[in-house]
Structures are given as structure tokens and as C-alpha cells.
Amino acid sequence: MNFIDFRSDTVTKPSEEMLKAMFSAEVGDDVFNEDPTINLLQEKAALLFGMEASLFCASGTQTNQIAINVHVQPGGEVICNQESHVYKYEGGGIAKNSGASVRLIEGNRGRITAEKISEWLNPDDVHYPVTQLISIEDTSNRGGGAIYDFEEIKRIKKYCVEHNLPLHLDGARLFNSLVETGIDYKKYASQFDSISICLSKGLGTPVGSLLLGKTDFIKKARRVRKVMGGGMRQAGFLAAAGIFALDNNISRLKIDHQNAKKLEETLLYLTWIKEVIPVETNIVVAILNNSSKRDIIINHLAENGIKCMAFGPGMIRFVTHLDISANDISKTIEVLKKIQI
Ligand SMILES: *Cc1c(COP(=O)(O)O)cnc(C)c1O
């Protein structure tokens, strides 16, 4: 069966045009800095965000973990939201790769505030780990694709500057945020010491993420990437997909957001749904009236050609992306409306 797959925006397959760009890429050995297509992608991304440099990596987990490793010493502490990907979904990487501890703080749909951060900055006292990094996520995955308030980001940045702390952004879905807010890329990026963006989510490449930062930061990151076994050779074939995605697949994210809204509108009126986390971008999280029915519903949808994901007790997540058409949304709505529970 040809499924309509809402499990994640990572399930997209490269289009014909993207594949063509990949096949015709000029490549070289990137460990020697000799892959022209990777170099071009890295320059392009750095320019787009007004950052000094960038580094092409295998995944968003890798870019986040490398950034944390460069910013934080063993025994240091990272402050982030309790739902953040860097903590929850990266296999304990902060402890394993960097030997650092984590201070998890509460937030609103995955977003933390400067005020909350200030409550948890450790004092200069031998009892405490030294707070060495603040990490935030935009959009927030666990927050149902919630967009950060840029004014709050500026307050967080100000606090970080005052306390000499670097600020990292897990921007796996940063483009989803920026196409909605319209905030200038460079203005936005100037608030961060490092930024991770994913090319293999809404932008539709098969592989790849980019880490952005200052030249000396990226130089260190390159060393960490190599140590982690992430030095790739003729990966320009993959970088070509990234270039294609940056050129063609950003503004169309709006379509994914409209599709997510359509799903939300339907879900809101279904009797078996208690609540839908208000849709801001391409993630729709539905909370069921009867949480014990979650897997029955997921299985029923699968039998009708629709894949979605369990997202915690009584919660189902749908993610829209470039392989979901308007027609797929209509079909899904029909199936959803017929569910009797
Ligand atoms: C997907 C995602 C990542 C990176 O995941 P990879 O699968 O390692 O590329 C990082 N942060 C967030 C918020 C994500 O949703």
C-alpha cells in the first residue's frame, strides 16, 4: 500500500530534480576540504544566516552533539528545556559524548525564558557544576511545532552575554519558524553562537544537517566531527541535495503549514479528540479523550493507508511535509471523520 505518511517530516524522498542535482554534483575528498559542492553548501548557508562559517554533518543529532562538545567541558552543565531534543532524543549524548550534566527547566510548549534560566544558573561555588551553555529549540518538536517569540530570544541572548554564556539553537525546523514569522535570517541568527539546521526534515533532502558559527568555533567543530567518525569523503552528492533544498524548498513550507491547519480544523471537531495543540507550523498533536484508544486509532489509520505516530500517553502526532499533497489531506480528513469510537 502507498501510505500517506505523517510520522515525521524526515520520511520524504528526494524528488527527480533533487536527484538530478545530486547525480551531477562535482565532488572531492571533504576531509581534505576538497569537495567543491560541500564547500559551496557551507558558504551558502553561512551567507544566508550571516554567520562566519558552517559545517556539513550527517544528522541534526550530530550537529547538536558537536556544538555541545565544543561549548562545554566535562563536568560542566547545559541548561535546556525538559522536553528538548538535545536531552530527550539524542541517546544521552550530552553525558556520553561530553561528560556534562544537564539542568532541565520547564517551559511553555518547549520554550524557556530568560527569567527561568536566571533561576537555574549555578553560582560560582565548588558544590555546583559550572553552567556553560544554554540551548533552545525553534520550532519546538515536543511543543507541537511552537515558534519561539523573538523578543524572548533577545532577552535570553542578553542574559547569556551578561553571564558570558554561549547560546546554542537546535534549529532542526528553523525554516518552519522563519517562513511564518518573516524575521530576517541574519537578524535572527545574530542572537546565537551556534545554530544547527536540518536539511533532511521539511527541506526534503535524504541526509544532512549544518552547524553554523564563528570560524574558530567551526574549526573546533570540524575536529570533533572527525573524532566522532563523521569526516565524510565525496559527500558532495549529498550536499548537492542541500543546495537544491535551500534554493527550492524553503518558501513552500507555508503549504505544509496550511495543510497542518486543515488537519487541525478537522481534528478539533471530532468527538474522540479532547484537544489539539494549537498549530503554528507543520506539527499537529492531538490529545485523545480516552488515552487507552491511542494505539487502536493509530492501527485503524494504518489499515486505511495513513501513518501517524504515538507522541506520549493519549497523544498522536501528524507532521506535514513536501510529500503530503492537498489530496492526501482531503483523503486523511475523510478517514478521520469516519472513525467511530
Ligand atoms: C529531528 C530533530 C533533530 C535531529 O535529528 P536527526 O534525526 O539526528 O537529524 C534535532 N532536533 C530536533 C528538534 C529535531 O526534531
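Just so you know, ligand 1 is whichever comes first in the structure, and atom 1 is the first atom listed for that ligand.
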Is Q62 in contact with ligand 1, taking contact as a heavy-atom separation below 4.0 Å?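 Distance cut 4.0 Å: Q62 fails for ligand 1.
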
Could you tell me which atoms of ligand 1, counted from 1 in the order shown, lie closer than 4.0 angstrom to a heavy atom of [X]?
{"X": "E137", "result": "13 (C)"}
{"X": "R173", "result": "15 (O)"}
{"X": "S59", "result": "8 (O), 9 (O)"}

*asked:* Just so I know, are the side chains of I156 and I117 near enough to count as touching, which here means a heavy-atom distance under 4.5 Å?
replied: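 Yes, side chains in contact.
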
So which heavy atom in the protein is nearest [atom], and how far is it from that ligand atom?
{"atom": "atom 9 (O) of ligand 1", "answer": "G60 N, 2.8 Å"}
{"atom": "atom 14 (C) of ligand 1", "answer": "K201 NZ, 2.7 Å"}
{"atom": "atom 7 (O) of ligand 1", "answer": "T61 OG1, 4.5 Å"}

* Partner of L253 under side-chain contact (heavy atoms from CB on, under 4.5 Å), chosen from L203, N282, L178, T281 ->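 The residue from L203, N282, L178, T281 that satisfies side-chain contact (heavy atoms from CB on, under 4.5 Å) with L253 turns out to be L203.
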
Practice prompt. Examine the proximity of ligand 1 to T10 and report which part, side chain or backbone, both or neither, has a heavy atom under 4.0 Å away.
Written response: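 Neither part.
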
* Residue part near ligand 1, for A172, under 4.0 Å between non-hydrogen atoms ->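 Contact part for A172 vs ligand 1: side chain (C-beta onward).
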
is_close_aromatic(F6, H321), centroid dist under 6.0 Å:
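Between H321 and F6, which both carry aromatic rings, the centre distance is not below 6.0 Å.
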
Worksheet item: Which residues pass the side-chain hydrogen bond (donor to acceptor under 3.5 Å, both in side chains) test with E16, sequence neighbours left out?
Response: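 If we apply the side-chain hydrogen bond (donor to acceptor under 3.5 Å, both in side chains) test to E16, skipping adjacent residues, there are no hits.
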
**Prompt:** Of R317, H85, E83, which is the lone residue that meets side-chain hydrogen bond (donor to acceptor under 3.5 Å, both in side chains) with N141?
**Reply:**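 So the option named by the test is R317.
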
Practice task
Kindly indicate, with the supporting measurements, whether the criterion ring-ring contact (aromatic ring centres under 6.0 Å, His included) is fulfilled by F56 and F237.
Solution key: CA-CA 12 Å; F56 183 58; F237 293 116; over 10 Å; no

- Do D170 and ligand 1 have an N or O pair less than 3.5 Å apart?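 Yes: some nitrogen or oxygen of D170 is under 3.5 Å from one in ligand 1.
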
Just checking, R142 and F311: is the charged tip under 6.0 Å from the six-membered ring centre and within 45° of the axis?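 Yes, R142 sits over the ring of F311.
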
